[in-house]
Amino acid sequence: MLSELVTRLKRSLSLPQKQDIQTAAKALHQGWQPEAWQSDRVLIGDDCAAIPDGDGYLLFAAEGMLPKLIETDPWFAGWCAVMVNVSDIYAMGGKPIAVVDSIWSQSRPQTDPLWEGMKAASLAYQVPIVGGHTNCHSPYAALSVAILGRAQNLISSFKAQPDDLLIIATDFRGKSHPDYAFWNAATTADPARLRQNLAILPRLAARGWCDAGKDISMGGIVGTLLMLLETSNCGAVLDLDRIPYPESLDLEKWLTSFPSYGFLLSIRPEYLAKVQAEFADQDLVCAVIGEVQASHQLILRSQSESVLFWDFDQDALTGF
């Protein structure tokens, strides 16, 4: 039953980690920001900070890797550290410029697979590593990467509108990681194809075909949609029966997966055919999975059943 699925999803979508972001939201809303950088200039809560710069925006973001992933699959952790940042830049309609890293390890040999993974992703996505911080005498291992990019036109998560269509764009040419809820359509793919797939997002932004969007993160489709709705001050109906998923997974597993290439976009109905054609040209999956509404609730629907998943009038997620 749908209500049982909702209960399981709430337990598995790492929503408490997203709610940890409320600590930043509270601090920044308490007058911490200098007057020159108030929220009317830099909206906080997007995939990247979009800093006005000339006729466009500098995009600035950072991600830290899970300690367990660093310990058990360090090459993949290094790859992901670059990949997730690159995805954040493209999700906002931008193009990456460069990344920097912070590595903490217990020995120099422990950094080798992290570096190999980062270098492989840097080459694949053609984004240089230009500096950072390294400490090989730490009592623990940790890795974070920050990225700088640029956009002329933004895809923001603050601009979803009622009656927008919610679409998912993703790549089924991959497989699940054996130990983590990650759909890997990247590490063995043709690097040129990876870059061509990502280049679709800046084109959509330049043509004004997308009101809002986010890359699908560790919260999966539902958790990512919650973040998009919260910043846009909207609600939505998510039709589970319309969500496509890889043949090797069931729907519930897909809903909790973090895809290497996955975006949720909020678009006006008149642009649907044009947007779908862009992704179809790259043999990517692109499907309508719901609709944005003026309410402050996320409703999950399957067949004739509908269940309230989240009510923002009752509970904040990130607080932004």
Side chain to side chain contact (heavy atoms under 4.5 Å, CB included) between R150 and L58, intermediate numbers included = CA-CA 5 Å; R150 174 173 285 280; L58 288 174; 3.6 Å; yes
Is the shortest side-chain heavy-atom distance between [X] and [Y] below 4.5 Å?
X: L148; Y: L59; result: no
X: M218; Y: T224; result: no
X: M65; Y: V84; result: yes
X: V86; Y: I147; result: yes
X: D239; Y: L300; result: no
X: F172; Y: P246; result: yes
X: Y57; Y: N153; result: no
X: I299; Y: V307; result: no

Looking at E278 and R207, does any basic side-chain N land under 4.0 Å from a carboxylate oxygen?
->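 Yes, charged N to carboxylate O under 4.0 Å.
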Do E116 and K119 meet the salt-bridge criterion of a basic N to acidic O distance under 4.0 Å?
->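 Salt bridge present between K119 and E116.
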Indicate yes or no for a side-chain donor-acceptor contact from [X] to the backbone of [Y] under 3.5 Å, with no hydrogens or angles considered.
X: D53; Y: G56; answer: no
X: S138; Y: Y140; answer: yes
X: T111; Y: R108; answer: yes
X: E230; Y: L226; answer: no
X: D241; Y: Q303; answer: yes
X: S122; Y: M118; answer: no
X: Q297; Y: D311; answer: no
X: S266; Y: L166; answer: no
X: S156; Y: F158; answer: yes
X: S302; Y: L2; answer: no

Give a yes-or-no answer on whether the side chains of E63 and N85 include a donor-acceptor pair shorter than 3.5 Å.
->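 Their side chains do not contain a donor-acceptor pair, so the 3.5 Å distance test is not met.
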Check whether the side chains of Y180 and T72 place a donor and an acceptor atom closer than 3.5 Å, and report yes or no.
->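 Note: Y180 and T72 side chains meet the donor-acceptor criterion.
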Show the nearest heavy-atom pair for residues [X] and [Y], with the distance to one decimal.
X: F263; Y: L201; answer: CE1-CD2, 3.9 Å
X: G235; Y: L229; answer: O-CD2, 3.5 Å
X: L264; Y: I221; answer: CD1-O, 3.4 Å
X: G262; Y: P259; answer: CA-CG, 3.9 Å
X: A186; Y: Y125; answer: CB-OH, 3.7 Å
X: C210; Y: I267; answer: CA-CG2, 3.9 Å

Tell me, please, which residues at least two apart from F258 pass ring-ring contact (aromatic ring centres under 6.0 Å, His included).
-> F182
Report the C-alpha distance between D211 and K159 in whole Å, list the side-chain angles of each, state the deciding distance to 0.1 Å, and finish with yes or no for salt bridge (charged side-chain N to carboxylate O under 4.0 Å, His left out).
-> CA-CA 6 Å; D211 282 342; K159 295 184 177 180; over 6 Å; no
Quick one: do S157 and T231 satisfy side chain to side chain donor-acceptor pair (under 3.5 Å)? Show the steps, please.
-> CA-CA 6 Å; S157 64; T231 48; 3.2 Å; yes
For a side chain to side chain contact (heavy atoms under 4.5 Å, CB included) with Y90, tell me which candidate from I200, D215, L198 qualifies.
-> L198
Roughly how far, to the nearest 0.5 Å, is [atom2] of [Y] from [atom1] of [X]?
X: D112; Y: Q110; atom1: CG; atom2: CD; result: 10.0 Å
X: I103; Y: L143; atom1: CD1; atom2: CG; result: 5.5 Å
X: I216; Y: I168; atom1: CD1; atom2: CD1; result: 4.0 Å
X: Q276; Y: I167; atom1: CD; atom2: CD1; result: 6.5 Å
X: C286; Y: I289; atom1: SG; atom2: CD1; result: 10.0 Å
X: C80; Y: D73; atom1: SG; atom2: CG; result: 8.0 Å

With the 4.5 Å side-chain cut-off for hydrophobic clustering, are [X] and [Y] part of the same group?
X: V100; Y: W79; value: no
X: W104; Y: W75; value: no
X: W209; Y: L265; value: yes
X: L308; Y: L317; value: no
X: V6; Y: L298; value: yes

Could you note down all residue pairs passing side chain to side chain donor-acceptor pair (under 3.5 Å) where residues 183-195 supplies at least one of them, sequence neighbours left out?
-> N184-T187
Is the NE2 atom of H137 crowded by more than 12 outside heavy atoms at less than 6.0 Å?
-> no
Is K10 close enough and on-axis enough to F309, meaning under 6.0 Å and within 45°, for cation-pi?
-> yes
When you look at L251 and L240, which way does the side chain to side chain contact (heavy atoms under 4.5 Å, CB included) test go after all the steps?
-> CA-CA 8 Å; L251 174 61; L240 301 182; 4.1 Å; yes
Could you walk me through whether H133 and D101 pass side chain to side chain contact (heavy atoms under 4.5 Å, CB included), step by step?
-> CA-CA 6 Å; H133 172 85; D101 63 84; over 6 Å; no
Apply ring-ring contact (aromatic ring centres under 6.0 Å, His included) to the pair H296 and W310, showing each step before the final yes or no.
-> CA-CA 8 Å; H296 296 157; W310 199 275; over 10 Å; no
Test side chain to side chain contact (heavy atoms under 4.5 Å, CB included) on D164 and E291 and set out the steps.
-> CA-CA 6 Å; D164 273 0; E291 182 176 292; over 6 Å; no
